[in-house]
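To keep things clear, I will list the structure first and then write my remarks on it.
Values in this document were obtained by computation on a predicted structure and should not be read as measured data. Both ligands and their constituent atoms are indexed starting at 1 by order of listing.
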Amino acid sequence: MKNYYRCWAEVDLNALRENLAWLRHRVGEDVKIMTVVKADAYGHGLKQIAALLMQSGSDLFGVANLQEAQAIRSVGRGWPILMLGACLPGEVDTAVRDDVMPTISTGDEANRFAAAAKKSGKTVPVHLKVDTGMGRLGVKASEAWELIEHVLGSPGLDLQGLYTHYASVEDDAKFSRQQAVEFGHLLQRLAANGIRIPLVHANNSGALLHEPDTVFNLVRPGLLVYGVVPTGRRPQASTLQNHLRPALSFHCRVSLIKQIPRGTPLSYGQTFVSPRQMRVATITAGYGDGYLRAGSNRAYVLIGGRRCRVLGRITMDQTLAELPRSLAAQPGDEAVLIGRQGDEEVTANQLAAWCGTVPWEILTNITYRVPRVYRGGQAA
Ligand SMILES: *Cc1c(COP(=O)(O)O)cnc(C)c1O
C-alpha cells in the first residue's frame, strides 16, 4: 500500500532545474533571476522547490507574504527575498526582523520602514514600485521621482530596486509598449541625474517572452520556471518555450467502470444524459483536490493513453469520464488530469482553457490533500 495514492501530483525536479538553466542561458550571466515562489511555489511545494532553486542558481526569491519568506529561510539562509505585495503596517517589524525586502508604493510605507529601521538599528533594503498601468501597487510614474527622492533621503532605507509590472503582456503589445516607455522615461531621468538604483526589473514570464527589451538587470519569472508558457493573443516570437517542460503532473485513478444505457443522466444536476450506450469510468479526483468544477462536461482526462471526456459535473472527490469503446481499462488504472500518458498530453494551459481560467489558477488550486511526489534532483 505504500505510495498507493488515489490522487497525487508529481513534481519533476530535473525539469525545474533545466528550466532555470534555460532561463539563465537566455538572460545571460549579468542578469539576476528572482524566481517567484508565492502560493506554495505555484502549488509545487514551497520548501522543496526553494531548496532546488537555491542549488540551481536562483539569485533572489519573490514571495507574497512573510510566512512564505520564513519557509524559504528555514531551507537556506542568505538569499534576498522580495515581498511582492504591500506590507501591512502590522507586518513591518517582522519584515525588518526577517530581512524581507518590502515593495514600497507610498511615502507612508517608506516612513513606516524608516521608523522600523531606526528601532532595529538595521539598514532596510527596499524596492520601489512604479505603476505604469497595472493599477494595483506602485506609485504613479508622474509621482515616482518625488517618492524616489523621499526614500533616498530617509535614513535607514537603502533603495535597492526599482520595478514595474505589465498588465496585459501576453495580449496587448501596444499597452505593454506604453508601460515600457513610461518606465523607460523614469530610468532616463534617473540616469541623467546620476542616480543609480542597483536593481531594475519589469519582466515576469510573459514579458520574458514578449518584451525582451525590458530585461534590465533582474527578471522575475514564475510560471516559466515551472515549465508552463503563458499564452495569449500576441504571437510567440520567442523560442524559449521549446526548451521548457512542465514540472508538475496531476494524477488519480479509475475506481469503477460502468456500462450505461442510452438516456442515463450522470452526476449532480443531470447536466449530461448519455446519447447512446457508453462505458463510464469513475475517477478519484474532484474539486476538493483542485480539479476545478468549471471543467464539468468540458475537460478531458487521459486513461490508457487515450483522451477521455469528462461527463457531467465534477464533484468534490470524484469525476466521471467516458471510456472509448476500444479501451481496456480497469479499476486501479491511472488517470492523468495534467501531464502525459502514452502519446497524449493534457497541459495546464489546455485544462485552464476548458475551465475558463488561466494556468496560474489551475496550479495554485491543487489542494493540500493532494500529496506532492518529487522525482529527480535532490529534494529538501
Ligand atoms: C507573480 C508575480 C510575478 C511572476 O509572474 P509569472 O507570470 O508567473 O511569471 C512577477 N512579478 C510580480 C510582481 C508578481 O506578482
Side-chain angles (χ1 to χ4, degrees), residues 16 19-20 22-24 26-27 31-44 46 49-50 53 58-66 68-69 72 80-87 100-105 109 126-139 160-172 176 179-180 183 199-212 214-232 234 236 238 240-241 244 246-248 347-349 352 357-366:
L16 272 160
N19 292 341
L20 188 60
W22 258 101
L23 290 167
R24 166 65 65 208
R26 277 303 164 95
V27 299
V31 174
K32 292 193 165 168
I33 299 180
M34 174 190 298
T35 51
V36 177
V37 292
K38 59 201 185 193
D40 204 29
Y42 289 39
H44 292 60
L46 177 52
I49 300 310
L53 294 173
S58 177
D59 298 300
L60 298 86
F61 288 101
V63 299
N65 63 43
L66 297 175
E68 292 172 347
I72 294 170
I81 301 176
L82 177 65
M83 182 160 152
L84 298 166
C87 205
V100 180
M101 294 187 287
T103 292
I104 300 287
S105 308
E109 288 175 303
V126 304
H127 287 230
L128 194 149
K129 189 162 188 183
V130 184
D131 183 7
T132 56
M134 180 68 184
R136 187 174 60 176
L137 298 186
V139 60
Q160 264 292 311
L162 182 73
Y163 77 106
T164 192
H165 192 52
Y166 286 103
S168 308
V169 76
E170 294 92 4
D171 294 313
D172 192 334
S176 302
Q179 287 191 264
F183 193 56
L199 297 172
V200 177
H201 46 116
N203 282 14
N204 63 352
S205 295
L208 276 165
L209 298 171
H210 296 290
E211 296 293 339
T214 56
V215 162
F216 305 114
N217 63 0
L218 169 66
V219 294
R220 305 188 305 269
L223 203 61
L224 288 181
V225 174
Y226 307 98
V228 179
V229 176
T231 58
R234 289 178 77 177
Q236 298 275 9
S238 168
L240 190 56
Q241 67 269 21
L244 303 176
L248 181 139
T347 65
N349 274 311
T357 185
V358 291
W360 295 268
E361 191 179 34
I362 293 291
L363 294 175
T364 57
N365 265 277
I366 299 174

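Taking the side chain as every heavy atom from C-beta outward, H165 and Q179 never approach each other to under 4.5 Å.
Counting only heavy atoms of the protein, atom 8 (O) of ligand 1 lies nearest to Y42 OH, 2.5 Å. Summary of contacts: the protein heavy atom closest to atom 11 (N) of ligand 1 is R220 NE, 2.8 Å. Residue, atom and distance of the protein heavy atom nearest to atom 3 (C) of ligand 1 are K38 NZ, 3.7 Å. Nearest to atom 12 (C) of ligand 1 among the protein's heavy atoms is H165 CE1, 3.4 Å.
The shortest N/O to N/O separation between L223 and ligand 1 falls below 3.5 Å. For ligand 1, none of its N or O atoms has an N or O atom of V36 under 3.5 Å away. Between Y163 and ligand 1, no N or O atom pair is found at a separation short of 3.5 Å. Backbone and side-chain nitrogen or oxygen atoms of W360 are examined, and one is located within less than 3.5 angstrom of a nitrogen or oxygen of ligand 1.
Using bins of under 30°, 30° to 60° and over 60° for the plane-to-plane angle, the ring pair Y226/Y42 lands in the parallel bin.
Looking only at atom types and distance, the side chain of Y166 has a donor-acceptor partner in the side chain of T214 under 3.5 Å away.
Side-chain rings of Y163 and H201 approach one another, their centers coming within less than 6.0 Å.
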